[in-house]
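Quick caveat: nothing in here was measured; it's all calculated off a predicted structure. Chain letters run A, B, ... following the sequence lines, proteins first and then strands; every chain starts at 1.
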2 protein chains.
Amino acid sequence: MLRDRIRFKPLLDKLVSAEEAAAYIKDGMTVGMSGFTRAGEAKAVPMALAERARSHPLKITLMTGASLGNDLDKTLAEAHVTARRIPFQSDPGLRKAINAGEVMFIDQHLSETVEQLRTQQLKPVDIAVIEAVAITESGGIVPTTSVGNSASFAILADKVIVELNLSQPVSLEGLHDIYIPSRRPTRMPIPVVTPESRVGLPFIPIPPEKIVAIVVSEKHDSSASILPPDDDTRAIAGHLTEFLVNEVKQGRLGYELQPLQAGIGTIANAVLHGFIDTPFHDLKMYSEVLQDSTFELIDSGKLTFASGSSITLSAEMYRKVLPRLAEYKHHLMLRPQEISNHPEVIRRLGLICINTALEFDIYGNVNSTHVGGTHMMNGIGGSGDFARNAFMSIFVTKSTAKNGAISSVVPMVSHVDHTEHDTDILVTEVGLADLRGLAPRERAAVIIANCVDEAYRDALQDYYDRAVKRGGHTPHVLEEAFSWHANLRDKGTMRPA
Amino acid sequence: MLRDRIRFKPLLDKLVSAEEAAAYIKDGMTVGMSGFTRAGEAKAVPMALAERARSHPLKITLMTGASLGNDLDKTLAEAHVTARRIPFQSDPGLRKAINAGEVMFIDQHLSETVEQLRTQQLKPVDIAVIEAVAITESGGIVPTTSVGNSASFAILADKVIVELNLSQPVSLEGLHDIYIPSRRPTRMPIPVVTPESRVGLPFIPIPPEKIVAIVVSEKHDSSASILPPDDDTRAIAGHLTEFLVNEVKQGRLGYELQPLQAGIGTIANAVLHGFIDTPFHDLKMYSEVLQDSTFELIDSGKLTFASGSSITLSAEMYRKVLPRLAEYKHHLMLRPQEISNHPEVIRRLGLICINTALEFDIYGNVNSTHVGGTHMMNGIGGSGDFARNAFMSIFVTKSTAKNGAISSVVPMVSHVDHTEHDTDILVTEVGLADLRGLAPRERAAVIIANCVDEAYRDALQDYYDRAVKRGGHTPHVLEEAFSWHANLRDKGTMRPA
């Protein structure tokens with residue numbers, strides 16, 4: 001079986017234990033690991049590294065595609081291995097270390113990390129650790145459930161460690177499309193012109209002599225921790241569907257819509273799930289994470305093709321999909337995140353992008369990342385790549401959080417990830433604000449009327465009315481702009497007295 | 001002479017006065033006019049329209065490429081013609097009306113306006129008014145000193161009015177490259193692969209029967225109002241040059257650098273001017289506005305090619321360049337702003353982008369537009385298109401304004417146009433902050449150490465130190481974040497007591 005998976009035979013000599021492989025990683029190194037939204041991360045080597053660090057401390061810069069599963073970010077942070085972390089994470093333990101200033105987190109647009117590596121504007125990757133389902137006859141690496149930044153890490157690093165995961169189905173082979181843009185200033189157009197364009201290789205092409213170690217693992221990907229749809233997420237999906245149906249009636253879209261992107265998480269997943277009961281058909285996705293809803297839409301016959309950079313499913317959906325992967329294969333493609341999130345391709349394809357806001361303000365600026373303006377949740381991820389270049393940029397959130405103590409619609413966001421220029425449509429369970437072609441004062445009227453929880457609406461209107469008296473293109477009462485956040489901190493609620 | 005300029009002869013019948021042409025513009029219409037950074041705007045028809053409005057009031061939505069010269073925005077605003085304005089302006093009179101809430105200003109990334117028009121996400125252009133240097137044998141329109149959005153306006157509008165400007169040199173013909181991306185979802189890659197790639201036509205191709213009127217004008221473009229270099233701008237240029245020379249020494253760039261983009265205005269122009277006395281050579285520009293410095297660099301032999309969407313020069317430089325345009329022609333190309341500012345092309349070419357900040361904060365977020373967080377100056381313009389997709393995104397500003405009463409480096413920017421993800425290098429006359437690969441806390445240290453005026457440094461450090469005690473990935477004292485702006489409003493200075 002191992003010989004079927006390591007088809008470039010000289011590499012059979014490189015089989016070692018996770019501990020032996022981890023020994024290649026030295027203090028101070030930059031390590032590029034596979035893994036994107038808890039899918040396809042290297043599992044055994046980082047665990048061995050954390051174990052070793054308990055007796056022999058070391059610190060590394062850890063770069064990945066996006067978030068890791070199997071509590072790896074927690075384990076590495078707790079073992080004080082992670083000194084610097086790039087470009088995304090979503091682990092509560094690591095988050096704590098980041099907010100305490102113990103780990104330096106470089107939060108990046110997910111399409112940009114390897115661009116900066118390639119131009120040496122980030123320190124080089126010393127070693128890459130890549131989960132694979134197989135090594136081809138030519139020594140190429142076949143990734144597993146994500147591509148992320150794995151291809152560029154392997155190409156740019158001096159040394160590569162492969163984790164051959166025997167629990168990942170061999171039917172994954174053929175799913176990947178590895179295309180790396182040529183170097184500037186002589187770069188050619190990226191030839192992706194539809195979500196299903198195949199433009200690269202089904203493996204990561206590297207000289208096999210760069211592979212210094214191969215570790216066998218059987219650990220599964222972690223399952224997604226998304227919640228099932230509830231009344232609020234159903235209401236959000238309903239508002240958005242109604243809006244899109246009207247766009248079709250107005251002749252601005254067809255029932256195939258435009259290719260869809262949806263951010264990771266419960267709300268975006270629920271919105272896509274809601275598309276099952278709509279008149280839309282022959283839908284396509286060009287997204288980063290393919291979640292449960294992608295497969296539900298394929299099963300329902302609504303979705304004909306989905307391109308992403310990873311597959312991240314609930315435990316139940318994994319059990320259903322993995323054995324039948326060969327059947328899904330002609331509907332799916334996994335690409336490097338540089339390509340799934342590339343401004344060039346996003347703008348060309350004309351995506352309808354659905355991402356989640358932590359909070360937004362009366363002018364439509366969005367905070368996706370910082371609680372109270374200061375404490376990092378996960379990171380900006382791909383939301384900036386998509387929102388900026390979208391055909392239509394949609395942000396969704398519930399209008400309140402913490403049993404109503406927090407309004408997701410505030411006078412001014414405490415941190416800006418997406419400016420009003422990049423937000424076309426905002427949706428809460430209360431309703432939908434269509435901001436296209438509106439000036440800030442008009443945006444405020446539409447947002448306050450349509451998106452705000454009843455308990456906060458009058459207070460928000462009052463803030464706006466007083467702001468307008470001071471004038472300006474984007475009126476504010478600057479000294480009160482964060483008073484709701486101060487209320488929350490001091491009184492436990494944003495709610496007006 | 002007129003017959004040389006109107007080469008599709010049936011159109012000679014369409015010659016009318018500006019008043020007659022303006023009569024096609026009715027109350028409530030959306031009018032798309034040529035003009036980008038005070039260059040190549042239609043001049044006679046909007047003046048006639050303002051004149052008519054004094055006796056017969058009407059209101060329009062005015063769309064352009066960018067800002068207009070010849071006080072047109074002022075005149076139209078004062079005549080209460082402009083109800084809505086898209087996507088950029090820089091006129092003090094119009095600005096006043098915008099900040100008073102009398103004119104609704106939709107401030108957009110300059111690459112996006114025609115994309116939204118094409119997909120009917122903005123109300124359609126009823127009539128286009130385009131300044132031209134000639135009409136070709138086939139009825140195509142040859143623009144003058146800017147392309148801006150003129151091509152798409154003319155293609156999308158029902159009716160087109162041409163202003164044939166006899167004062168614009170006929171040698172402009174052949175300078176333009178009109179390429180319009182195909183409609184989605186079947187769009188092909190934009191074939192621009194170098195700044196000098198010629199991919200389109202030298203005129204705007206429209207059915208000549210759409211031209212309902214031709215007006216002859218002789219008004220000149222307004223000259224640019226940039227200030228000459230001073231000690232501070234020379235210091236900024238010096239810091240940036242030193243930094244870039246070091247990038248070359250480190251092997252991250254060659255002496256040709258990467259294609260350059262520079263925002264409009266005194267500081268960016270002075271920085272480019274400063275490149276004359278550097279070891280860089282064989283430079284190219286892929287920018288939106290070609291200013292005095294572009295021609296100085298061509299004259300000095302440093303710059304071999306410049307692509308832009310407009311030519312905006314000082315009075316002196318106009319006198320020098322316009323008669324010799326034929327000589328400069330093989331160094332120049334003017335494109336639609338959708339192409340000059342297109343994310344696809346910017347990212348592909350790998351631009352070094354130099355734009356001006358109004359203020360930036362200790363984490364590198366940039367405010368380019370809003371004084372005191374509320375009052376619009378000009379608009380975001382192309383800075384977002386460029387900064388987001390740059391090889392290297394540089395923002396420049398003087399460290400203080402109003403004789404030191406305002407610090408351009410503040411605890412938190414009062415309005416965010418560019419987030420920390422999109423700012424690599426910040427430069428003031430004090431020094432340069434290289435933020436690449438740094439986490440927010442590290443960015444703060446570098447910015448406070450290098451960019452801040454002495455009078456504000458301790459106060460900024462004190463703010464940061466107190467913020468860090470509260471923890472967080474991006475520490476802030478939220479209730480004090482805008483205290484410097486409040487000081488300025490209440491006491492006339494941000495300076496600590």
Exercise. Sort B:Leu478 into side chain, backbone, both or neither according to what part of it lies under 4.5 angstrom from a heavy atom of chain A.
Key: both
Can you give each donor-acceptor pair under 3.5 Å made by side-chain atoms of residues 99-107 of chain B, sequence neighbours left out, with the distance rounded to 0.1 Å?
from     : atom 1 : to       : atom 2 : distance (Å)
B:Asn99  : OD1    : A:His473 : N      : 3.0
B:Asn99  : OD1    : B:Met376 : N      : 2.8
B:Asn99  : ND2    : B:Arg95  : O      : 3.3
B:Asn99  : ND2    : B:Met376 : O      : 3.2
B:Asp107 : OD1    : B:Ile380 : N      : 2.8

Quiz item: Step by step, would you call A:Arg347 with B:His342 a side chain to side chain contact (heavy atoms under 4.5 Å, CB included)?
Solution: CA-CA 9 Å; A:Arg347 182 84 170 251; B:His342 203 291; 3.5 Å; yes
Quiz item: Contact part of B:Glu479 toward chain A, heavy-atom cut-off under 4.5 Å: side chain, backbone, both or neither?
Solution: side chain
Exercise. Quick one: which of A:Gln108, A:Glu115, A:Lys96 has the most heavy-atom pairs under 4.5 Å with chain B, could you say?
Key: A:Glu115
Quiz item: Which bit of B:Gln120 comes within less than 4.5 Å of chain A, counting heavy atoms only: side chain, backbone, both or neither?
Solution: both
Practice problem: Among the options A:Val468, A:Val413, A:Val416, pick out the one with the most heavy-atom pairs lying under 4.5 Å from chain B. | Solution: A:Val416
Exercise. Please identify each residue that fulfils side chain to side chain contact (heavy atoms under 4.5 Å, CB included) with B:Lys249, with sequence neighbours left out.
Key: B:Val245, B:Asn246
Self-check item: Atom group of B:Pro185 that falls short of 4.5 Å from chain A, counting heavy atoms
Solution: both
Quiz item: Among B:His418, B:Met392, B:Arg441, B:Arg443, who wins on heavy-atom pairs under 4.5 Å with chain A?
Solution: B:Arg441
Quiz item: Would you say A:Arg184's side chain and B:Leu351's backbone share a donor-acceptor pair under 3.5 angstrom?
Solution: no
Quiz prompt | Proximity breakdown for B:Ala467 and chain A, heavy-atom pairs closer than 4.5 Å | solution = neither
Practice problem: Check each atom of B:Glu256 against the heavy atoms of chain A and say whether the ones under 4.5 Å are side chain, backbone, both or neither. | Solution: neither
Quiz prompt | Interface residue of largest heavy-atom contact number with chain A, from B:Gln258, B:Glu442, B:His485, under 4.5 Å | solution = B:Glu442
Quiz item: Given the options B:Thr61, B:Thr474, B:Thr419, which has more heavy-atom pairs under 4.5 Å with chain A than any of the others?
Solution: B:Thr474
Exercise. Report the option among B:His476, B:Arg348, B:Met412 that has the most heavy-atom pairs separated by less than 4.5 Å from atoms of chain A.
Key: B:Arg348
Self-check item: Atom group of B:Thr194 that falls short of 4.5 Å from chain A, counting heavy atoms
Solution: neither
Self-check item: B:His421, part contacting chain A, at a heavy-atom distance under 4.5 Å
Solution: both
Quiz item: With distance as the sole test, does A:Arg436 use its side chain to make a donor-acceptor pair with the main-chain N or O of B:Gln116 at under 3.5 Å?
Solution: no
Quiz prompt | Region of B:Asp417 that comes under 4.5 Å of a non-hydrogen atom in chain A | solution = both
Quiz prompt | Contacts of type salt bridge (Lys or Arg N to Asp or Glu O under 4.0 Å), residue B:Glu338, not counting sequence neighbours | solution = B:Arg118
Quiz item: For the candidates B:Glu112, B:His415, B:Arg85, B:Lys284, which exhibits the highest count of non-hydrogen atom pairs separated by less than 4.5 Å from chain A?
Solution: B:Glu112
Quiz item: Is there a donor-acceptor contact under 3.5 Å linking the side chains of A:Asp422 and B:His109?
Solution: yes
Quiz item: For chain B, which residues of residues 367-374 of chain A have at least one non-hydrogen atom nearer than 4.5 Å to it?
Solution: A:His370, A:Gly372, A:Gly373, A:Thr374
Exercise. Among A:Ala486, A:Ser111, A:Ser182, single out the residue with the greatest number of heavy-atom pairs under 4.5 Å to chain B.
Key: A:Ser111
Self-check item: chain B interface, residue from A:Pro191, A:Ser483, A:Pro343, A:Pro87 that has the most non-hydrogen pairs under 4.5 Å
Solution: A:Pro343
Practice problem: Decide yes or no for B:Arg84 and A:Leu438: does some side-chain heavy atom of the first lie under 4.5 Å from some side-chain heavy atom of the second? | Solution: yes
Quiz item: So which of B:Lys123, B:His375, B:Arg388 has the biggest tally of heavy-atom pairs under 4.5 Å with chain A?
Solution: B:Arg388
Quiz item: Between A:Asn365, A:Asn389, A:Ile98, which residue shows the highest count of heavy-atom pairs closer than 4.5 Å to chain B?
Solution: A:Ile98
